[in-house]
Amino acid sequence: MARDGWNLDPDRCFSPDPGVRARARELHDAVKGLPIVSPHGHVDARHLADEGARPADPATLFVTSDHYVFGRLYAHGVAHEDLGLVPAGGGGEAERDPRAVWRRFCERFDLFDGTPAGLWLKTALVHVFGVRERPSAENADRLFDALAEALSSPELAPRELMKRFGVEFLATTDPADATLEEHRDAQDAGLRVVPTFRPDALMQVADPGWRDRLDRLAALVGFEVDSLEAFVEAIAARRRAFREAGAAASDHATTSSSLEAMDNDSAAELFARALQGQADGADAERFHAHMLFEMARMATEDGLVMQLHLGSLRNHDLRLLDRFGPEMGADVPVAMDLTRGLQSLLNAFGGDERFRLVVYTLDEATYSRELAPLAGHYPAVRLGSPWWFHDSVHGIERYLGAVVEIAGFAKLAGFVDDARSLPMLYARHDVWRRTTCDWLARLEVRGLLDADASERWARWLAHGAAVDAFRLAD
């Protein structure tokens, strides 16, 4: 695009030790061309449903749509409105000029140095778009024009990027009341783009908007949801709809360290009180825990893999929640007691061959102390990859070091990218593949892993583990 001065190190993520680096290169060469399996992400299916769809502009693609990016800018005093984010309900003013948003991003590009987002951004800009200048205040307008022109080209259309990156399977994350039309349109075009069933909002019985969500659910399933029995039946119906649309998994989150099922009478009574607007926060937590058992039971019947995200206190910034709504990246880790917390659930379903549970956490201390031993015992359990704050070179290394010696490679669920756009999806998988190959090379150089084993597990971590964990070959 301009001066040939900003490039990607071909040995990025690899050890400085010459022997390790050379072996990491060999392993990476063997896996870098494998298809990408993305079993958990947030790419907008609408961009893949329409052949002519394009990202609106560089600012929307890289900044406004990605809380990994705008969250860091906000942490340094840049208002969300100045980044093009519109307050909930449309109230208040927000920057309408994407060029101005892009300038604010470029002026502060140094804030991403040393962070995983910085590496992802550089990989996407250099590898996908051919940018050869580090973003700055001085070149912001020039880069915006060049990127805007590139985004309009047929070669960078979302469907073309799917082919270029070798994306074999892409799962989005969708609320229970999603229509799923975009997924069907993408599938009609030959793309394996599927939804993931995310019903958490329907479990928030103390939330002021819960009754509205319940009404939308009733409209979708075609019957009144006026009892717990009807609610469970409606959830099962939506799971079937997602399954028919190609879904491989459901997705759930909790910060509760005590997951226990209620007896049917108590659960029904709680639901009845919720319908009357009489449920409180403690009721909501108990009901959500109860429904996780229902989700596990349904998983044994419909085959959806159950993903459980643990230890993220969502929407910590209440002022931000009130002004912009959820999903603004204001999530903060909390400590978990997963040994006790998951005991009842795993005693009920952990040995059932029909059940598959992929567990993610933000509490890294539980990797070796709790999660790896649980996965090393219960047949149903797989270990999800590092997520949110830990999806980084060092985070991946800490994860592998903590879990592999206890649970083994075969209990890992591969990589989930959590990406909001296809360029960042590619960048995240690139970092995962490079880092895992380097980690395997270190084991081999130390005599802890045979050469043929490191090659086999490099392929597994890049592709096979996700296919296995999410039963995509079935």
Inset, instruction - Quick one: list whatever passes side chain to side chain contact (heavy atoms under 4.5 Å, CB included) with A59, sequence neighbours left out. - result: D57, P98, V101, W102
Legend entry - salt bridge (charged side-chain N to carboxylate O under 4.0 Å, His left out) contacts touching residues 230-240 (sequence neighbours left out): R239-D302
Extract all donor-acceptor atom pairs below 3.5 Å that involve side chains of residues 108-118 and protein atoms in other chains or at least two apart in sequence.
{"from": "R108", "atom 1": "NH1", "to": "R104", "atom 2": "O", "distance (Å)": "3.1"}
{"from": "D110", "atom 1": "OD1", "to": "R134", "atom 2": "NH2", "distance (Å)": "2.8"}
{"from": "D113", "atom 1": "OD1", "to": "R134", "atom 2": "NH1", "distance (Å)": "3.4"}
{"from": "D113", "atom 1": "OD1", "to": "R134", "atom 2": "NH2", "distance (Å)": "2.7"}
{"from": "D113", "atom 1": "OD2", "to": "R134", "atom 2": "NH2", "distance (Å)": "2.9"}
{"from": "T115", "atom 1": "OG1", "to": "F112", "atom 2": "O", "distance (Å)": "2.7"}
{"from": "T115", "atom 1": "OG1", "to": "G118", "atom 2": "N", "distance (Å)": "3.0"}

Legend entry - Those residues that, when tested against H394, pass ring pair (Phe, Tyr, Trp, His ring centres under 6.0 Å) (two or more places apart): none
Inset, instruction - Output all residues satisfying ring pair (Phe, Tyr, Trp, His ring centres under 6.0 Å) with Y360, sequence neighbours left out; order by chain, then residue number. - result: H309
Legend entry - F14 six-ring face occupied by R434 cation (under 6.0 Å, within 45°): yes
Inset, instruction - Taking ring pair (Phe, Tyr, Trp, His ring centres under 6.0 Å) as the test, write out the residues that go with F293, two or more places apart. - result: none
Inset, instruction - Could you name each residue pair satisfying salt bridge (charged side-chain N to carboxylate O under 4.0 Å, His left out) that touches residues 154-171, not counting sequence neighbours? - result: E160-K163
Inset, instruction - Run the salt-bridge test on R99 and D97 with the 4.0 Å N-O cut-off and return the result as yes or no. - result: no
Inset, instruction - Taking only Lys NZ, Arg NE, NH1 and NH2, and the carboxylate oxygens of Asp or Glu, determine whether R314 and D331 approach each other closer than 4.0 Å. - result: yes
Legend entry - Check ion pair R433-D430 (N to O, under 4.0 angstrom): no
Inset, instruction - Write out all pairs satisfying ring-ring contact (aromatic ring centres under 6.0 Å, His included) with one or both partners inside residues 145-169, taking only residues at least two apart or from two chains. - result: F165-Y426
Legend entry - Geometric cation-pi criterion R132 and W6, 6.0 Å radius, 45° cone: no
Legend entry - Which residues share a ring pair (Phe, Tyr, Trp, His ring centres under 6.0 Å) with F231, sequence neighbours left out: F271, F287
Legend entry - Qualifying salt bridge (charged side-chain N to carboxylate O under 4.0 Å, His left out) pairs, either residue in residues 173-185, two or more places apart: D177-R216
Legend entry - Atom pair NE2/CG of H40 and L170 - distance to nearest 0.5 Å: 11.5 Å
Legend entry - Sub-6.0 Å ring centroid separation between W388 and H67: yes
Inset, instruction - Hey, could you give me the CG/CZ distance between D317 and R323, rounded to the nearest 0.5 Å? - result: 12.0 Å
Legend entry - Residues which pass side chain to side chain contact (heavy atoms under 4.5 Å, CB included) with A465, listed by chain and number, not counting sequence neighbours: W460
Legend entry - Any residue meeting side chain to side chain donor-acceptor pair (under 3.5 Å) with D283, in chain and number order, not counting sequence neighbours: R273
